[in-house]
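Chain naming here is simple, since letters A, B, ... match the order of the sequence lines and numbering starts at 1 in each. Computed from a predicted structure; not experimentally measured.
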Protein chains: 2
Amino acid sequence: MARKRFDNANCSVARALNEVGDWWSLLVVLHAMYGTRRFVDFQRELGIARNILCDRLARLVEHGVLKKVDVGEHGSRHEYRLTDKGRDLFPVVMALRQWGDRWTPAQEHAPLDLRDRATGRPVRPMVVQDADGRDLSIRDVMLKDDESHTVGLD
Amino acid sequence: MARKRFDNANCSVARALNEVGDWWSLLVVLHAMYGTRRFVDFQRELGIARNILCDRLARLVEHGVLKKVDVGEHGSRHEYRLTDKGRDLFPVVMALRQWGDRWTPAQEHAPLDLRDRATGRPVRPMVVQDADGRDLSIRDVMLKDDESHTVGLD
DNA sequence: CGATAGGGTTTCGTTATGAAACCGAATTGA
DNA sequence: TCAATTCGGTTTCATAACGAAACCCTATCG
């Protein structure tokens, strides 16, 4: 049967994964954040099959994560640019990068040293915090309406 | 040909996606964070096919995201529990949830209202910040070693 | 002791993926 | 100017992944 999709899922994580949760979509978004805009550049940088790239770009455009912009003289060349929705995946990508840097077996290259352009200081690690900026673990978080339901256990 | 995998990728995002980047893995981790530990419970809650769930659980155990614990009297019943590595996906899941809540078409149920267990106050939105706690957009972030290379464009 | 639950594996049909070939329009370059 | 190359795809085909259901063996429950 068809791959299960989560369009109408009652869970925002499932719905998010429905749009960017496959093997390639988040990598396309990541490279778009790096500045890549053209079909051939995505293809070269990612090493993705052309038909799959077509499919992913179309799906991301359809979901409003990217927008397709004509840039050729006669409307023949296009660029794929991030929308606000796409740019708002920045925290997701940064959290994933951080996790990969921490937990993924050592690689030949060091992790990217990302810094604030203005101050030159490192980007702060992605953490879940309360309103005062104190770090929260899974067990610190609960649902408002049912205090007895712990959201996080281990 | 075989699905492309990113085990040795020179990119921590790609390596992270290699471990949790398919349709089901992050949902399994999410439900583990909710407290689910048993095979049948994952199966019921997620509506995932049993063979696929087997495969995902085994892969997550293999990657050290979950650990398989014998709990039956004679070692016949198991639980799948989050490891530290798995728990450290909390920021990823929270960032995805936030994005899904913001950008995914309206659903019948309101977004989960997650709160700090100690103070009862809402969990702060996931954002990328600098060392002082100021929000950073994609364009504010650069690589340390090459100031001319902008990490984020749109 | 029979029924049911837990945790899988097997089988089989459908869908997704990847490599490569192909294609037409637009651009480059000699 | 005319051939070569680039861009952005589509088509074809073999292989891999997915999903549903059936099956299986070991506990546990009543």
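- OP1 or OP2 of D:dG8 has at least one side-chain nitrogen or oxygen of A:Arg38 nearer than 4.0 Å.
- Rounded to an integer number of Å, the gap from CD of A:Glu79 to P of D:dG8 is 9 Å.
- Take the nearest nucleotide of DNA chain D for A:Val40 and for B:Ile52: the residue whose nucleotide is more 5' is A:Val40.
- Applying the 4.0 Å criterion to OP1 and OP2 of C:dA26, one finds that A:Arg77 has every side-chain N and O outside that range.
- Of the N and O atoms on the side chains of A:Glu45 and A:Thr36, at least one donor lies less than 3.5 Å from an acceptor on the other residue.
- Among A:His78, A:Arg44, A:Arg50, the single residue meeting the side chain to side chain contact (heavy atoms under 4.5 Å, CB included) criterion with A:Phe39 is A:Arg50.
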Exercise. Does the ring-ring contact (aromatic ring centres under 6.0 Å, His included) test come out yes or no for A:Trp99 and B:Phe90, once each step is laid out?
Worked result: CA-CA 10 Å; A:Trp99 189 82; B:Phe90 193 36; over 10 Å; no

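- Residues B:Asp88 and A:Trp103 have side chains that bring a donor and an acceptor to within less than 3.5 angstrom of each other.
- The side chain of A:Arg44 lies closest to D:dC7, out of C:dG6, D:dC7, C:dG8.
- Candidate nucleotides C:dG18, C:dA16, D:dA17 were compared by shortest atom distance to the side chain of B:Arg56, and D:dA17 ranks first.
- Screening A:Asp101, A:Leu112, A:Thr104 against B:Ser12 for a side chain to side chain contact (heavy atoms under 4.5 Å, CB included) leaves a single residue, A:Asp101.
- One finds a side-chain N or O of A:Tyr80 lying less than 4.0 angstrom from the OP1 or OP2 phosphate oxygen of D:dG9.
- A:Asp41 places its CG atom 11 Å from the C1' atom of D:dT6, with the value rounded to the nearest Å.
- Rounding to whole angstrom units, CZ of residue B:Arg37 and P of C:dG6 are separated by 16 Å.
- Rounded to an integer number of Å, the gap from B:Leu57 CG to D:dC18 P is 13 Å.
- Looking at A:Asn51, its side chain comes within 3.5 Å of the base of C:dG18 through a donor and an acceptor atom.
- What separates CG of B:Leu17 from C1' of C:dT17 is a distance of 17 Å, to the nearest Å.
- A sub-4.0 Å separation between OP1 or OP2 of C:dG8 and a side-chain N or O of B:Lys68 is present.
- Contact between the side-chain N/O atoms of B:Trp24 and the OP1/OP2 oxygens of D:dG19 is found at a separation under 4.0 Å.
- Put simply, B:Arg50 has no side-chain N or O that comes within less than 4.0 Å of OP1 or OP2 on D:dA22.
- Between the CG atom of A:Asp55 and the C1' atom of C:dT15 there is a distance of 12 Å, rounded to whole Å.
- The CD1-P distance, from B:Ile48 to C:dT9, rounds to 14 Å in whole Å.
- Separating the NE2 atom of B:His78 from the C1' atom of C:dT9 is a distance of 14 Å, rounded to the nearest angstrom.
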